[in-house]
Protein chains: 2
Amino acid sequence: MRYFIVDDDAASRRMLKQIILEGDMGVVIGEADSGVNALEPIVSSDPDFVLIDLLMPSLDGIETIDQLRNQGFKGNFIMISQVENKEMIGEAYEKDIEFFIHKPINRIEVQSVLKKTSERLLLKKSLLTIRKSILHFEEETKEESHRTIKDMVSSILNDMGILGEVGSDDIVSIIDFLSSSKEKTIQIPPLKDIYEQLASQTKFNSIEIMKESKAIEQRIRRTISIAMSNLATLGAVDYTNPEFEYYAPRYFEFAEIRTLMKNIQENEPAPRKTKINVKKFLQVLYVEANEKFKHSLK
Amino acid sequence: MRYFIVDDDAASRRMLKQIILEGDMGVVIGEADSGVNALEPIVSSDPDFVLIDLLMPSLDGIETIDQLRNQGFKGNFIMISQVENKEMIGEAYEKDIEFFIHKPINRIEVQSVLKKTSERLLLKKSLLTIRKSILHFEEETKEESHRTIKDMVSSILNDMGILGEVGSDDIVSIIDFLSSSKEKTIQIPPLKDIYEQLASQTKFNSIEIMKESKAIEQRIRRTISIAMSNLATLGAVDYTNPEFEYYAPRYFEFAEIRTLMKNIQENEPAPRKTKINVKKFLQVLYVEANEKFKHSLK
DNA sequence: TTAAAATGTCGGATAATGTCGGATTTTATA
DNA sequence: TATAAAATCCGACATTATCCGACATTTTAA
């Protein structure tokens, strides 16, 4: 590795140089005692690493880095300084320095850091070489692990806290099925038809299909009912809860949710009969899942 | 990347975790508040990086590293501490830590260092893989993915504060087992069947299997119950707490959590009968762990 | 060592689910 | 707008999966 040292303190420069040589880490191809004096030699000698002090008169470390980058220097920086101020250190890291070492200089510390950073550089270089040669063979193996409609739906159901319910599976299948059918209607078909379609995927005589679609219907209804009371409970604890705010008015009859909330807040009053609108729920879910899906394809 | 955090200061742990998650740098698969408590979980979970404080009561950072190395731990250490003493820092570097970060914690600094260190590890791993595949020409990489599903689960269980519980092992095994089975249904099979499957991996006659599956059931139930009261405690103090807000409604019966919270707030003794929904918990965990896993493959 | 806590074991309580008839609401049509 | 038909919604019951208390046993802490 080829190093360049920038520090206004000659003693520091000497120590760093000695550490590099002793540790057999590479060569020091130049030094400078100020930012200004460092610019030209660095650009022309193009070292792998620049060890630079943060605090220097006239041009400080960060400014020097800026200037060098502007002039197209691509090497790495390691900053060495006694600054304790976290603001400045953070700023330095934002300039994409490799690492910040605190003064006073400690042999082991410096050696260890230099070893790791140079190792990293070497690894990167060899991998880049390998990749280049592989790229000739391989045309972009675009791994498409894109999120599917199903993922979108389960994420929404999860937000409502009903992913665990049995009916969720039915809901996911239904939305998936609707989305994959050719006709891109906004309006979903009659629920009965949907249930039967879904049922006929597992059962094969009409009696069984009828039974199963009845079962599906109940499962979905109960699941939605649980979603409602979940959201109501959520809202009762904290009505600024984002999930509550978003889902409660969109997917349900908000009036029903509100009465539920009241029941919950005033403690015991038992779960009264609440209206469950399956159609609205599925309709909204269908549209929203598709929108999200489209959006996720960028 | 898979991180483990050891720091006696809970605030520091929290900050670090947040930085890792925000920066999308990986998962935190466990935490510990002391060196002693860190040993076992680190050895068994085998993280890529251990973020460790230098100054801790009883067993300090360096001693902890020693012990872990003695037990065969091969991962990397990043030390984070407010120590200024160059002697100690040097000593730490001699233990072959990756880097030393000075407290107070600075987001940009930590992110930058973690990014660089994880990059270095990745590079190293890829080179190893390449070398191996050149030597053997064909290489199986199936085992890797297994580990990561487990990691996702551990990370979630850690968030809920139940990683150490006995039942956690059962839960992890179950999710891992479910994920590796061919059928990619969203719906998990009946709990009874799951328990029996898991039990039959250790016991071999039907009586024993029955007993073991009963035991598994109870372990899991008790573990989930602890998770619930943990989250309720979090929520009772601050219901905008991110862990609470996310996990409480999705993994549990939120209504139950709510009554738990009330009890805590009103300082009532009453740990009354609470409903524990194992099915919901496992179902959601299964889906989420897989989702996260997919995401981690980018 | 002993007390207390955690875990295993088991039977019975409880709540989830499938099934079905019928009440209620929506839609189509005159 | 009235009315019938269709669609949707709901309650109730039987059947199980799931859940839970209580006690026995083991492990842990003191």
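Below, chain A is the first sequence line, B the second, and so on; all start at residue 1.
- Spacing between atom CD of Glu217(A) and atom P of dG11(D) amounts to 13 Å, rounded to whole angstrom units.
- In terms of modelled atom types and a separation under 3.5 Å, the side chain of Ser179(B) and the main chain of Ile175(B) share a donor-acceptor contact.
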(message) Assess the residue pair Lys17(B) and Asp159(B) against the criterion (salt bridge (charged side-chain N to carboxylate O under 4.0 Å, His left out)); give the C-alpha distance rounded to whole Å, side-chain angles, the decisive distance to 0.1 Å, and a yes or no.
(response) CA-CA 10 Å; Lys17(B) 188 164 159 186; Asp159(B) 284 348; 2.7 Å; yes
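- Tyr251(B) pairs with exactly one of Glu288(B), Lys280(B), Gln283(B) by the side chain to side chain donor-acceptor pair (under 3.5 Å) rule, that one being Glu288(B).
- Counting only heavy atoms from C-beta outward, the side chains of Asn158(B) and Glu31(B) approach each other to under 4.5 Å.
- Using a 4.0 Å cut-off between charged side-chain N and carboxylate O, Glu63(B) and Lys95(B) make no salt bridge.
- In the displayed structure, Arg14(B) atom CZ is contacted under 6.0 Å by at most 12 heavy atoms of other residues, nucleotides or ligands.
- First and last contacts of DNA chain C with chain A, using any nucleotide atom under 4.0 Å from a protein heavy atom and ordered 5' to 3', fall at dT17(C) to dG22(C).
- Rounded to 10 degrees, the angle separating the terminal helix axes of the helix from dT1(C)-dA30(D) to dA30(C)-dT1(D), each built from five base pairs, is 60°.
- Phosphate contact (OP1/OP2 of dC9(D), side-chain N/O of Asn277(A), threshold under 4.0 Å): present.
- For the side chain to side chain contact (heavy atoms under 4.5 Å, CB included) criterion with Arg13(B), the lone passing option out of Val6(B), Asp7(B), Asp53(B) is Asp7(B).
- Considering only heavy atoms from C-beta on, Ile156(B) comes within 4.5 Å of Tyr247(B) through its side chain.
- Rounded to a whole Å, the CD1 atom of Ile216(B) is 14 Å from the P atom of dT18(D).
- If you measure from atom NZ of Lys192(A) to atom P of dC9(D), you get 13 Å, rounded to the nearest angstrom.
- If you measure from atom CD of Gln218(B) to atom P of dC20(D), you get 9 Å, rounded to the nearest angstrom.
- Among the atoms of the strands shown, base atoms are found under 4.0 Å from some heavy atom of Lys214(B).
- Residue-level contact check: Arg221(A) touches the bases, meaning some heavy atom is under 4.0 Å from a base atom.
- Atom OG1 of Thr233(A) and atom CD1 of Ile257(A) lie 9.5 Å apart (nearest 0.5 Å).
- Which of dT8(D), dA22(D), dC19(D) sits closest to the side chain of Arg222(B) comes down to dA22(D).
- Computed from coordinates, the Lys279(B) NZ to dT16(D) P distance equals 15 Å when rounded to whole Å.
- Here the P atom of nucleotide dT16(D) and the CG atom of Asp193(B) are 15 Å apart, to the nearest Å.
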